[in-house]
Amino acid sequence: MPIPGAFQAITVKLCRPGVPGVVPLAVVNHGSPAQASDRATARLAECGSEAVSWFTRRGFAVLLPLRRGYGESGGDWAEGYGRCADPFYAPAGRETARDIRAAIEFAIALPEIRPDGVLVVGQSAGGWGALALAAEDPPMVGALVSMAGGRGGWAQGRPNTNCRPERLVSAAGEYGRTARLPMLWVYTANDSFFDADLALAMHQAFTAAGGAAELEMLGAYGRDGHSLFFGPGGSAVWGPVVEAFLTANGYAPRAATQ
């Protein structure tokens, strides 16, 4: 279904759990492909996919937004960060957050969707957008999960290379100055976009500035840990970590009937 985004309509998919009554909302946000040409063919995950069903089985309705410039949402890509030699990561993340927030505001007005305590989950660029959204301290959001969050990876098409990583660290610190919602950051040992050292540096900058975030560094996953969240068998790895975080922050699971 299309919903009004920041400057245009964006496409979203809503996956409801098999439980009656008002249910909490999880907004799951996609990343950005390393190749610009792949943005046009981006598609939303299926409701029955592993990552999505992990949340619906626990009683969440899952909203999947397709942001501006991706797939059938089309339009101008809003999340560019400029030249690799001179990237502006913080404004790029805020544009991602703009679409995430528009999607949330649409969903919480729907019947049988809890209007507060929204859980925001993002992978890669979607995770970076979650950081930017946390910096806005939105009142309807209860907690956020960033899975391999960041921008600027695979610089010039090369793995384990980032466009000015110190700028990414600085932008994380900028977000941390106003981010007070509980967050969980998850990275893996073999992430070809954001390695362990960069993840640790971003987390240090974010928390030193006042941001609230737990960091979980997991072992290697498959050929590239960057694909953990949506990858086959990934939920067996990240699921226990996310479950513990949700429990600690008051999200009591409701088992779905289907």
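Being a predicted model, the structure only gives us computed values, none of them experimental.
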Just wondering, do [Y] and [X] contact through their side chains at under 4.5 Å, heavy atoms?
{"X": "F245", "Y": "N249", "value": "yes"}
{"X": "L168", "Y": "N162", "value": "yes"}
{"X": "L184", "Y": "S146", "value": "no"}
{"X": "I104", "Y": "I108", "value": "yes"}
{"X": "V145", "Y": "V120", "value": "no"}
{"X": "S32", "Y": "R39", "value": "yes"}
{"X": "L25", "Y": "F60", "value": "no"}

I'd like to know if the side chain of [X] and the backbone of [Y] have a donor-acceptor N/O pair within less than 3.5 Å.
{"X": "N29", "Y": "V121", "result": "yes"}
{"X": "R68", "Y": "E95", "result": "yes"}
{"X": "R164", "Y": "E166", "result": "no"}
{"X": "K13", "Y": "A45", "result": "yes"}
{"X": "S170", "Y": "R167", "result": "no"}
{"X": "R67", "Y": "H30", "result": "yes"}
{"X": "S53", "Y": "S49", "result": "yes"}
{"X": "T188", "Y": "Y221", "result": "no"}
{"X": "R151", "Y": "E79", "result": "yes"}
{"X": "Y187", "Y": "G225", "result": "no"}

Which atom pair, heavy atoms only, marks the closest approach of [X] to [Y]?
{"X": "G231", "Y": "E50", "value": "O-OE1, 3.6 Å"}
{"X": "G150", "Y": "F194", "value": "C-CZ, 3.1 Å"}
{"X": "V141", "Y": "L133", "value": "CG2-CD2, 4.4 Å"}
{"X": "F206", "Y": "A212", "value": "CE2-N, 3.8 Å"}
{"X": "V22", "Y": "I113", "value": "CG1-C, 3.9 Å"}
{"X": "L66", "Y": "I10", "value": "O-CB, 3.4 Å"}

With under 30° as parallel and over 60° as perpendicular, where do the rings of [X] and [Y] fit, or are they tilted in between?
{"X": "F193", "Y": "W154", "result": "tilted"}
{"X": "W185", "Y": "H203", "result": "perpendicular"}
{"X": "F229", "Y": "W238", "result": "tilted"}

Kindly determine whether L218 and V186 satisfy side chain to side chain contact (heavy atoms under 4.5 Å, CB included), including the steps that lead there. CA-CA 7 Å; L218 303 178; V186 180; 3.5 Å; yes

Check this for me, if you would: do E72 and R43 make a salt bridge, where the nitrogen-to-carboxylate-oxygen distance has to be below 4.0 angstrom?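 Between R43 and E72 there is no salt bridge, as every charged N stays at least 4.0 Å from the carboxylate O atoms.
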
Flag the pair D99 and R101 as a salt bridge only when some basic side-chain nitrogen lies within less than 4.0 angstrom of an acidic carboxylate oxygen. no

May I ask you to check whether [X] and [Y] show a side-chain donor-acceptor distance below 3.5 Å?
{"X": "D224", "Y": "S192", "result": "yes"}
{"X": "W77", "Y": "Y70", "result": "yes"}
{"X": "H226", "Y": "S124", "result": "yes"}
{"X": "Y175", "Y": "E136", "result": "no"}

Hey, would you say the Y89 and Y81 ring centroids sit under 6.0 Å apart? yes

I need the [X] [atom1] to [Y] [atom2] distance, nearest 0.5 Å.
{"X": "D195", "Y": "L200", "atom1": "CG", "atom2": "CG", "value": "9.0 Å"}
{"X": "S235", "Y": "F55", "atom1": "OG", "atom2": "CZ", "value": "9.5 Å"}
{"X": "T96", "Y": "R94", "atom1": "OG1", "atom2": "CZ", "value": "11.5 Å"}
{"X": "C163", "Y": "D86", "atom1": "SG", "atom2": "CG", "value": "11.0 Å"}
{"X": "M147", "Y": "D191", "atom1": "CE", "atom2": "CG", "value": "10.5 Å"}

With a 6.0 Å cut-off (strictly less than), is the heavy-atom count around CG of D76, excluding the residue itself, greater than 12? no

Count the heavy atoms of every other residue, nucleotide or ligand shown that sit under 6.0 Å from CZ of R180, and state whether that count exceeds 12.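 For R180, atom CZ is crowded (more than 12 foreign heavy atoms under 6.0 Å).
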
Not counting sequence neighbours, which residues clear salt bridge (charged side-chain N to carboxylate O under 4.0 Å, His left out) with E216? List them please. none

Under the criterion side-chain contact (heavy atoms from CB on, under 4.5 Å), which of L181, L131, V118, L119 is the partner of L144?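 Checked L181, L131, V118, L119 against L144; only one passes side-chain contact (heavy atoms from CB on, under 4.5 Å): L181.
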
Sequence-distant partners of W54, side chain to side chain donor-acceptor pair (under 3.5 Å), two or more places apart: none

Identify, with sequence neighbours excluded, every residue that meets side chain to side chain donor-acceptor pair (under 3.5 Å) alongside D197.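 Here no residue qualifies.
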
Apply side chain to side chain contact (heavy atoms under 4.5 Å, CB included) to residues C15 and L64 and explain how you reach the verdict. CA-CA 8 Å; C15 306; L64 300 159; 4.1 Å; yes

Is there a path of hydrophobic side-chain contacts, each under 4.5 Å between heavy atoms of I/L/V/M/F/W/Y residues, joining V169 to F88? no

